[in-house]
Amino acid sequence: MSLYFARSTGVLALVTLLLAVLLLAVRGLNLTVEFTGGMIIQVRYPEALAAKSVQDALVRAGFADAS
Amino acid sequence: MDINEYRSYFFIIFPPRDDVLSPQSAPDVVQQVIAALRTEQSRVEATRVDIVTPKVGGEVLLLGSVAPILVCVALMIYRAVRYGWRVGLSLAVTNIRNMVIILGLFLSAYVAFQWEFSLISLTAMGCLAILVTGAGGVYASRVSRS
């Protein structure tokens with residue numbers, strides 16, 4: 001029982017390792033600004049505001065690559 | 001103005017460009033962004049500005065993955081002192097296997113669904129790996145004693 005358990009978890013470890021390496025190589029992690037670098041500006045409004053209108057204002061000012 | 005009077009908070013994120021990263025031009029970019037937002041809605045206020053260079057980001061990624069490795073080493077030393085170095089070494093293999101399973105599943109999920117991998121995800125991954133390795137270590141030392 002214990003040997004079977006050890007073997008099956010060993011196979012599971014191999015499979016997950018291969019899967020992870022394959023996926024990382026093919027698609028890659030979706031890293032946030034904390035790792036890739038960049039600038040984060042936190043702004044606040046007294047009124048409730050949709051994120052779309054802030055985005056539109058940025059695009060009009062020429063900051064199209066900001067998100 | 002009291003902090004509770006602010007209704008909405010936004011994070012504006014810029015990709016790593018030269019004018020964003022250099023300390024001379026970054027304040028200008030912030031000024032331009034605030035000016036642009038003022039045209040839409042006059043009562044806007046920037047509360048925090050963070051600049052991360054790609055080099056620092058890479059170092060953070062490296063530092064975050066050190067903790068699970070340290071746990072593996074510490075558990076191995078403990079078992080080597082308590083049960084002898086043969087047991088310590090063989091159970092270290094089990095530890096590494098447990099950790100590989102958790103890290104593999106975690107990273108595969110993040111890559112497959114393209115979830116955003118942030119500092120919090122990195123910490124959660126480390127915590128989960130440490131917890132599972134600890135639980136597996138307790139189980140393994142019980143089996144080896146009986």
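Each chain gets a letter, A, B and so on, in the order its sequence line appears, and its residues count up from 1.
- Contact between A:Thr16 and B:Ile101 at its shortest, heavy atoms only, is OG1-CA, 3.7 Å.
- Between B:Glu116 and A:Thr32, the shortest heavy-atom contact is CB-CG2, 3.7 Å.
- Under the side chain to side chain contact (heavy atoms under 4.5 Å, CB included) test applied with B:Val111, the options A:Leu19, A:Leu24, A:Leu22 reduce to a single match, A:Leu24.
- Once rounded to the nearest 0.5 Å, the distance linking OH of B:Tyr110 with CZ of A:Arg27 reads 15.0 Å.
- There is no contact between B:Ile96 and chain A, counting heavy-atom distances below 4.5 Å.
- In the hydrophobic clustering of ILVMFWY residues, with side-chain heavy atoms under 4.5 Å counting as a link, B:Val87 and B:Leu75 come out apart.
- The hydrophobic clustering, which links ILVMFWY residues whose side-chain heavy atoms are closer than 4.5 Å, places B:Trp115 and B:Ile120 apart.
- Atom CG in A:Leu29 sits 8.0 Å away from atom CG in B:Leu61 (nearest 0.5 Å).
- Linking Ile, Leu, Val, Met, Phe, Trp and Tyr residues whenever their side-chain heavy atoms come within less than 4.5 Å places B:Leu107 and B:Leu119 in a single cluster.
- Residues B:Leu103 and A:Leu23 share a single hydrophobic cluster, defined by chaining ILVMFWY side chains whose heavy atoms lie under 4.5 Å apart.
- In this structure, the side chains of B:Phe117 and A:Asn30 stay at 4.5 Å or more apart for every pair of heavy atoms.
- More than 12 heavy atoms of other residues, nucleotides or ligands lie within 6.0 Å of CG in A:Leu18, so this atom counts as buried by the packing criterion.
- Here the closest heavy-atom approach between residue A:Ala13 and residue B:Arg97 is recorded as CB-CG, 3.5 Å.
- Note: the hydrophobic cluster containing B:Phe113 also contains B:Phe106 (ILVMFWY, side chain heavy atoms under 4.5 Å, direct or indirect links).
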